[in-house]
There are 2 protein chains.
Amino acid sequence: MPRTGLTPEAARQRAVEIAVERIRAHGFAKLRLADVAREMGVSHAALYGHFRDKAALLDAVTESWLAEARSRTAAICAGPEPAAERIEAWFLERYRLKSARARSDPEIFFGYNEATCGARPVIQAHLERMTDELAGLLAEAGLGGAAEAVLLEEALTAFLHPSLITSGPEAGRAADLTRLLRIVLAGLAATAGEHG
Amino acid sequence: MPRTGLTPEAARQRAVEIAVERIRAHGFAKLRLADVAREMGVSHAALYGHFRDKAALLDAVTESWLAEARSRTAAICAGPEPAAERIEAWFLERYRLKSARARSDPEIFFGYNEATCGARPVIQAHLERMTDELAGLLAEAGLGGAAEAVLLEEALTAFLHPSLITSGPEAGRAADLTRLLRIVLAGLAATAGEHG
DNA sequence: TTGATTACATTTTCTCCATTCTGTAACTCA
DNA sequence: TGAGTTACAGAATGGAGAAAATGTAATCAA
């Protein structure tokens, strides 16, 4: 039993909550571990019992968001609709989630992305899981597998990449995404099996 | 007749040359108008007779490169091959040019892009001309027009956008670009006329 | 009269130092 | 024993004043 009355896991979650609030309020660059610790009622050194370093806390902030996003996309994957419909819904959900996040929490979204160049393991692992989900949907639709999933993700990079997510109004972009997606899926269907 | 012995146009070109050399040697951020002027044998204020401001000189550096790139792509557009082949060659040329530039002159390529966020008129005008060229090729191939050109450029953003151009080895990326391009073109062919 | 110069106002960048922050270690207490 | 504390070293940040760069205006010369 820790002296703060929080289990280790609860303490981690509390630290993440506080970090999110503070980044929203004061910006990504001004987050101080000492501030987070003070708000938890502990010394800053105590945080190192829960997180290896500051980057690990920021990873946890991001991971909590990514896990939420995954639960949404996974629900779509598991839905009852035809696979083709689920593919569209899956991409639209990804776009809307990212777009909304980028607009509502720009400090967290862009700050973390710029600071890490998207190269952190927590990001890479998430992207791999997304590609796996997509590969599953494509397989269900009879349009391919892992290779086609990678290709399709690249085709929609203009709509999903962090550095491009806020170009243009959300409704218009969503419509453009759908148009492009349908064309690429048609292309996949037309060329299916040509190369194995 | 100017005292330097250079016509206005030659002076502009000389300034651009010197700026390119200095950016290569010392980096984009450290380019000083005074250094360029000294190397030309004039005072720094004389440069303002040729360029509105420093940004205009940097625009000229970029424009000289963009003009060269356009002459290459325009030659492909005017070639004798079937339109479908020219579309592939056109995208591959764009990718190879950008990729080579980003690798050989990263300070100029990324420095300018980061400093301007790609929002300078000289960049926008170039991109519009690229889209026009592509629209022409698509029309020749019977695959659409301006709208389809925009869509196709978005589909290949992952391979052509400055912030993504150096991801992966050039040969592999070129092959991936070609695969995706063929699929999108197949999709355009399959859905041609559906929406007008 | 145009291309260039010097002189100068305004920004921007640099430098240095004090402060703050991160991360580690030795220690404390329930 | 493990969650937390204090103490501290090294790294990063911030701010003030100095230095330098950009951009403008008045002037000069071929």
Side-chain angles (χ1 to χ4, degrees), chain A residues 1-23 25-62 107-108 111-112 114-117 120, chain B residues 1-23 25-62 107-108 111-112 114-117 120:
Chain A
M1 279 299 177
R3 267 176 280 179
T4 53
L6 293 171
T7 68
E9 185 48 36
R12 278 181 63 92
Q13 286 180 16
R14 182 81 189 108
V16 167
E17 281 171 27
I18 293 170
V20 168
E21 287 166 21
R22 295 200 67 87
I23 292 173
H26 305 109
F28 182 87
K30 288 195 177 151
L31 182 73
R32 302 281 172 260
L33 293 186
D35 297 336
V36 175
R38 188 179 319 113
E39 209 160 321
M40 290 178 73
V42 298
S43 69
H44 87 274
L47 282 177
Y48 288 85
H50 300 295
F51 302 94
R52 166 199 291 278
D53 54 18
K54 187 179 182 179
L57 170 59
L58 296 171
D59 282 348
V61 167
T62 298
E107 279 292 339
I108 297 176
Y112 185 82
E114 283 162 25
T116 65
C117 303
R120 287 244 124 202
Chain B
M1 280 299 179
R3 264 174 284 177
T4 53
L6 294 171
T7 68
E9 185 48 36
R12 278 181 62 92
Q13 286 180 16
R14 180 83 189 107
V16 167
E17 281 171 28
I18 294 170
V20 167
E21 287 165 22
R22 296 200 67 87
I23 293 172
H26 305 109
F28 182 87
K30 289 194 178 153
L31 182 72
R32 303 281 173 258
L33 292 187
D35 296 336
V36 176
R38 188 180 319 112
E39 209 160 322
M40 291 179 72
V42 298
S43 70
H44 87 274
L47 283 177
Y48 288 85
H50 299 293
F51 302 96
R52 165 200 292 277
D53 54 19
K54 186 179 182 178
L57 169 59
L58 296 171
D59 282 347
V61 168
T62 298
E107 279 291 340
I108 297 176
Y112 185 83
E114 282 162 24
T116 65
C117 302
R120 288 242 123 204

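Order of the sequence lines sets the chain letters (A, B, ...), proteins ahead of strands, with each chain counted from 1.
- Atom CG of A/Asp35 and atom P of C/dT20 are 12 Å apart (whole Å).
- Going from atom CG of B/Leu58 over to atom CZ of B/Phe28 covers 4.5 Å, rounded to the nearest 0.5 Å.
- Contact check for B/Tyr48 versus B/Leu33: side-chain heavy atoms found under the 4.5 Å cut-off.
- Atom-to-atom, CZ of A/Arg38 to P of C/dT22 comes out at 11 Å; the value is rounded to the nearest Å.
- Atoms CD and CD1, from A/Glu107 and A/Ile23 in turn, are 8.5 Å apart once rounded to the nearest 0.5 Å.
- Of the inter-residue distances, the one linking A/Asp35 atom CG with A/His26 atom NE2 reads 8.0 Å to the nearest 0.5 angstrom.
- For DNA chain D, the neighbouring residues in residues 44-61 of chain A, judged by any heavy atom under 4.0 Å, are A/Ala45, A/Ala46, A/His50.
- Summary of helix geometry: the two end axes of the helix from C/dT1-D/dA30 to C/dA30-D/dT1, each defined by five base pairs via their C1' atoms, are inclined to each other by 30° (rounded to 10°).
- Annotation: of the two residues near DNA chain D, A/Lys30 and B/Ala34, the 5′-most nearest-nucleotide partner is A/Lys30.
- The nearest whole Å value for the distance from the CG atom in A/Leu31 to the P atom in C/dG23 is 11 Å.
- A/Arg32 CZ to A/Arg38 CZ: the interatomic distance, rounded to the nearest 0.5 Å, is 11.5 Å.
- Remark: A/Arg120 CZ to A/Asp59 CG distance equals 4.5 Å, nearest 0.5 Å.
- Using a 4.0 Å cut-off, no side-chain N or O of A/Ser43 falls inside it from OP1 or OP2 of D/dG4.
- Between A/Arg32 atom CZ and D/dA11 atom P there is a gap of 18 Å when expressed in whole angstrom units.
- Looking at heavy atoms from C-beta onward, B/Arg12 lies out of side-chain contact with B/Val16 at the 4.5 angstrom threshold.
- To the nearest 0.5 Å, atom NZ of residue A/Lys54 and atom CG of residue A/Leu31 are 5.0 Å apart.
- Rounded to an integer number of Å, the gap from NE2 of B/His26 to P of D/dA21 is 13 Å.
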